[in-house]
Structures are given as structure tokens and as C-alpha cells.
*Asks:* 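Sharing a structure below in C-alpha cells format, with a few things to ask.
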Amino acid sequence: MRLRIRDLREDSDLTQKQIAEYLMCDQSLYSKYERGERELPLKTAVSLAQFYKTSVDYLVGLTDNRRPYSK
């Protein structure tokens with residue numbers, strides 16, 4: 001499964017360090033999420049989806065619709 005978190009970060013002109021600080025984790029750990037070396041925890045995926053105003057499904061490639069689902 002290819003995560004879109006790197007693309008979203010780069011599209012937002014943010015560094016791994018900035019996202020890691022938002023998630024309160026080490027930059028090296030976040031880098032492993034982007035490279036697929038560590039599995040992205042659900043809690044982290046939800047935080048990133050909220051940050052980027054998208055859905056977890058979009059983050060993990062289950063949909064190409066970037067807009068979040070309506071509540």
C-alpha cells in the first residue's frame with residue numbers, strides 16, 4: 001500500500017520535521033512512515049487526515065477523492 005503522506009506534505013511545502021513536531025514524534029520515525037518502513041498507526045493517520053483536511057481512505061490510497069467525507 002502506498003501512502004500519500006509524502007505527496008501531501010510536499011504539496012503543502014512542509015518538512016518532515018514540521019510534520020513530526022505536529023504529531024509529537026521524532027523526524028526519523030515520521031520518515032519511516034513515509035518510506036513504508038513502519039506501519040502508520042490509525043491514531044496518526046486520523047491526525048494527518050485532519051491536518052490535511054482529507055480522509056484516511058485518501059491517505060492510504062483507497063480512494064482518489066481528496067475531499068473528506070461529509071459528517
Side-chain angles (χ1 to χ4, degrees):
M1 172 179 3
R2 183 183 178 286
L3 299 178
R4 292 180 165 139
I5 58 175
R6 180 179 181 173
D7 296 335
L8 287 166
R9 178 183 57 78
E10 290 176 345
D11 289 348
S12 299
D13 294 323
L14 297 169
T15 64
Q16 287 183 345
K17 183 178 179 181
Q18 289 171 307
I19 298 300
E21 287 173 359
Y22 170 77
L23 296 173
M24 292 183 277
C25 71
D26 290 334
Q27 181 271 329
S28 62
L29 175 60
Y30 180 76
S31 178
K32 290 177 183 179
Y33 294 149
E34 280 195 356
R35 293 191 313 262
E37 294 175 9
R38 292 278 306 259
E39 192 165 320
L40 186 66
L42 179 59
K43 182 178 178 181
T44 303
V46 169
S47 292
L48 288 171
Q50 290 172 332
F51 179 80
Y52 291 118
K53 295 177 178 53
T54 191
S55 68
V56 173
D57 284 355
Y58 181 78
L59 286 181
V60 299
L62 293 177
T63 183
D64 291 328
N65 184 2
R66 190 170 174 170
R67 301 175 94 198
Y69 300 112
S70 60
K71 291 184 180 185

*Asks:* If you draw a 6.0 Å radius around CD in Glu10, do more than 12 non-hydrogen atoms from other residues or ligands fall strictly inside?
*Replies:* yes
*Asks:* For the atom pair OG (Ser31) and CZ (Arg38), what is the distance rounded to the nearest 0.5 Å?
*Replies:*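 Result: 12.0 Å between the selected atoms.
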*Asks:* Is it true that Asp64 and Arg4 have a side-chain N and a carboxylate O under 4.0 angstrom from each other?
*Replies:* yes
*Asks:* Using 0.5 Å steps for rounding, measure from the CD atom of Gln16 to the CG atom of Asp26.
*Replies:* 12.0 Å
*Asks:* Using a 3.5 Å distance criterion without hydrogens, assess whether the side chain of Arg6 forms a donor-acceptor pair with backbone atoms of Glu34.
*Replies:* no
*Asks:* Quick one: are Leu59 and Leu3 in side-chain contact, heavy atoms under 4.5 Å?
*Replies:* no
*Asks:* Can you name the nearest heavy-atom pair linking Ala49 to Ser55, along with the distance?
*Replies:*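 Here Ala49 and Ser55 meet closest at CB-C, 3.8 Å.
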*Asks:* Look only at the side chain of Thr63 and the backbone of Asn65, and say whether a donor-acceptor pair between them is shorter than 3.5 Å.
*Replies:* yes
*Asks:* Rounded to the nearest 0.5 Å, how far does OH of Tyr30 lie from NZ of Lys17?
*Replies:*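 Separation between the atoms: 15.5 Å.
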*Asks:* From Tyr58 OH over to Lys53 NZ, what is the distance, rounded to the nearest 0.5 angstrom?
*Replies:*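 Those atoms lie 15.5 Å apart.
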*Asks:* Could you state the interatomic distance from CD (Gln27) to NZ (Lys32), rounded to the nearest 0.5 Å?
*Replies:*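 Reported value, rounded in 0.5 Å steps: 10.5 Å.
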*Asks:* Side-chain contact, heavy-atom cut-off 4.5 Å: Leu48 with Ile19?
*Replies:* yes
*Asks:* Just verifying a value: how many Å separate Glu21 CD and Leu14 CG, rounded to the nearest 0.5 Å?
*Replies:*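 Interatomic distance, Glu21 CD to Leu14 CG, rounded to 0.5 Å: 11.0 Å.
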*Asks:* May I ask you to decide if Leu40's main-chain N or O and Thr44's side chain share a donor-acceptor pair within less than 3.5 Å?
*Replies:* no
*Asks:* For Arg67, does the CZ atom sit with more than 12 other heavy atoms under 6.0 Å from it, leaving out its own atoms?
*Replies:*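 Atom CZ in Arg67 is not packed in, count stays at 12 or less.
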*Asks:* Which heavy atom in Tyr52 sits nearest to a heavy atom in Ser12, and how many Å separate them?
*Replies:* CE2-OG, 3.7 Å
*Asks:* Under a 4.5 Å cut-off applied to non-hydrogen side-chain atoms, are Ile5 and Phe51 in contact?
*Replies:* no
